Number of protein chains: 2
Amino acid sequence: MSGWLDPEDPVLGAVTSLARELADPIRLTALQVLAAEGPHTMSQLADALGVSAPRLGNHLARLRAAGLVAVEHSGRHATYRVAEAGIGEVLAALTRFAHGGAADTRPRPRAGAQGLARTCYDHTAGRLGVAVFAALVDRGALVPPDGRTAELALGPERSPFAELGVDPDAVRAGRRKLATACLDRTQRLPHLGGALGKEVLDAFVERGLVEPRPGTRDLQVTERGLRELPALLPGFRSA
Amino acid sequence: MSGWLDPEDPVLGAVTSLARELADPIRLTALQVLAAEGPHTMSQLADALGVSAPRLGNHLARLRAAGLVAVEHSGRHATYRVAEAGIGEVLAALTRFAHGGAADTRPRPRAGAQGLARTCYDHTAGRLGVAVFAALVDRGALVPPDGRTAELALGPERSPFAELGVDPDAVRAGRRKLATACLDRTQRLPHLGGALGKEVLDAFVERGLVEPRPGTRDLQVTERGLRELPALLPGFRSA
DNA sequence: ACCACCTTTCACGATTGCGTTAATGGTGAC
DNA sequence: GTCACCATTAACGCAATCGTGAAAGGTGGT
């Protein structure tokens, strides 16, 4: 019958502890990478984040104590993965809100018409790329990597791909992976990479929805794209 | 082209700052109360949380600086509200994950068959009450309070109420509010209160889905309830 | 004009958290 | 067996954060 701030309250403690783990740039980014791109070894993570091994190790020890990541030792390597798939939902909710949400103390570069879409090598990135990935996952065409599945896999549905103008079964991947989840550098949410990602971008260009800007990584969303893309991608709002 | 940990990265900073705001028991609970039950004045909040005014004031100043709450002065009272409705989604995502999710360091009282449902005065609470509220909101029968709408209101849909066995238009509220959002003490998510909350509980008892335990606030979910409730309430899983 | 009340701010002490450096434990290659 | 490498832990110093107490602004009632 105690009030709201009972220090013994297990739910309150669990939520604040969780938030505290996510409140550090290294821990947050490590979780985002693991949740979006699947398991990494410690060296891969330290290299990707550009931090020293002990520094990352201390944070991973905290995450492990909090039950957020699991580690498996194999030889002299340690591969880390997210302990539960649900953490991706939490990270996505936080990130989405922080985007259009709370006024940050520092002035944020206003993402207007530019910055709406970018390319990452040869596939779509930026807000457009994230919307593509989210739409495909929501509709069962992709299953994102979680603690169990090591990598991004195709789901049972094919029609969401068809609506985007690509056919996964017809793509000649060659030596390249068919589809990979790639953590978007600006959005901090996963976007679609691999051979399928390239096909989607090509299809968008072919249909006149976006136009590459030669020499840059910017993608110009055309008038037609502003009209048709929101209907195609539920999570894609221009504002 | 800097790496993942660029200290200037606006998205990274926004997310970690947001998580830091949610990592304190007082700030988290204040946001949960404001998001679930609508605007409160400072005294109401301090009284509800059982903390001194300066202590709460310091935290509210932080939340205001972070853009998470808005304050409106009227006379010598200051009414606080959440700055954006979206924060409710973030709190719900965090709380849901922390429930069944990460293994807390401290042993959590295992919510088995008991603890599945409780009463709050005369309406359903606990996991069942939270599931009722979430289902009604998801299906457009209720619109939760956000920064703009001061209190819980009925949505356009009526069939979700009918499936639960109640008719909002036939309830004689009298002096009592028809429907209120009430932050659940154990779940930290809103449940349905007011006259409609009582009607839902009565209907559940009538249909033999739950049985009150005299003298306690526990609700025993019957065999029939375990069978039929999950179909009625998408968010209600027994495990 | 005075007082009661609500709200906000400030400053100090104690605590916690973080980064760096160094050292330890294991594992595989030669 | 020795060495190189990966991963982990421990200890120290620094900075940020939180709670407490006191005091200051402002408003409305008498």
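Here the structure is a predicted model, which means the values were calculated and not measured. Sequence lines set the chain letters: A, B, ... in the order given, protein chains first and strands last, and positions in each chain run from 1.
In this structure B:Pro168 satisfies the side-chain contact (heavy atoms from CB on, under 4.5 Å) test together with B:Leu154, B:Arg158, B:Phe161, B:Leu196, sequence neighbours excluded.
For A:His73, the listed nucleotide lying nearest its side chain is D:dA7; candidates were D:dG19, D:dA7, D:dT17. Comparing atom distances between the B:His77 side chain and each of C:dG19, C:dT7, D:dC6 picks out C:dT7 as nearest. Of all nucleotides listed (D:dA7, C:dT8, D:dC18), C:dT8 comes nearest to the side chain of B:Met42. The side chain of A:Pro54 has D:dT8 as its nearest neighbour among C:dT7, C:dC18, D:dT8. Of the candidate nucleotides D:dA4, D:dG19, C:dG19, D:dA4 has the atom nearest to the side chain of A:Arg76. Nearest to the side chain of B:Asn58, among C:dT20, D:dT20, C:dT8, sits D:dT20.
Comparing B:Ile26 and B:Gly75 against DNA chain D, the residue whose closest nucleotide sits nearer the 5' end is B:Ile26. With the nearest nucleotide of DNA chain C identified for both A:Ser74 and A:Ser52, A:Ser52 has the one nearer the 5' end.
Rounded to an integer number of Å, the gap from CZ of A:Arg20 to C1' of D:dT17 is 10 Å. Counting to the nearest Å, the P atom of C:dC6 and the CG atom of B:Leu56 are 14 Å from each other. Here the C1' atom of nucleotide D:dT8 and the CZ atom of A:Arg55 are 17 Å apart, to the nearest Å. To the nearest angstrom, P of C:dC6 lies 15 Å from CG of B:Leu45. Across the protein-nucleic acid pair, A:Gln44 atom CD and D:dC6 atom P stand 12 Å apart, rounded to whole Å. Rounded to whole Å, atom P of D:dA7 lies 17 Å from atom NE2 of A:His59. One atom, CG of A:Leu63, and another, P of C:dC18, lie 10 Å apart when rounded to the nearest Å. One interatomic measurement links the two molecules: CD of A:Glu21 to C1' of C:dT16, which rounds to 13 Å at whole-angstrom precision.
Side-chain nitrogen and oxygen atoms of B:Tyr80 include at least one within less than 4.0 Å of the OP1 or OP2 phosphate oxygen of C:dT8. For the pair A:Arg64 and D:dT8, the criterion of a side-chain N or O lying under 4.0 Å from OP1 or OP2 is not met. For C:dT7, the OP1/OP2 oxygens have a side-chain nitrogen or oxygen of B:Thr41 closer than 4.0 Å.
Contacts of B:Ala53 with the nucleic acid, taken as non-hydrogen atoms under 4.0 Å apart, include base atoms.
The distance from atom CG of A:Leu49 to atom NE2 of A:His59, rounded to the nearest 0.5 Å, is 10.0 Å. Atoms CG and SG, from B:Leu152 and B:Cys182 in turn, are 11.0 Å apart once rounded to the nearest 0.5 Å. Note: A:His40 NE2 to A:Asp47 CG = 10.0 Å, rounded to the nearest 0.5 Å.
In summary, of the residues considered (A:Leu22, A:Leu91, A:Leu189), a side chain to side chain contact (heavy atoms under 4.5 Å, CB included) with A:Gln32 occurs for A:Leu91 alone.
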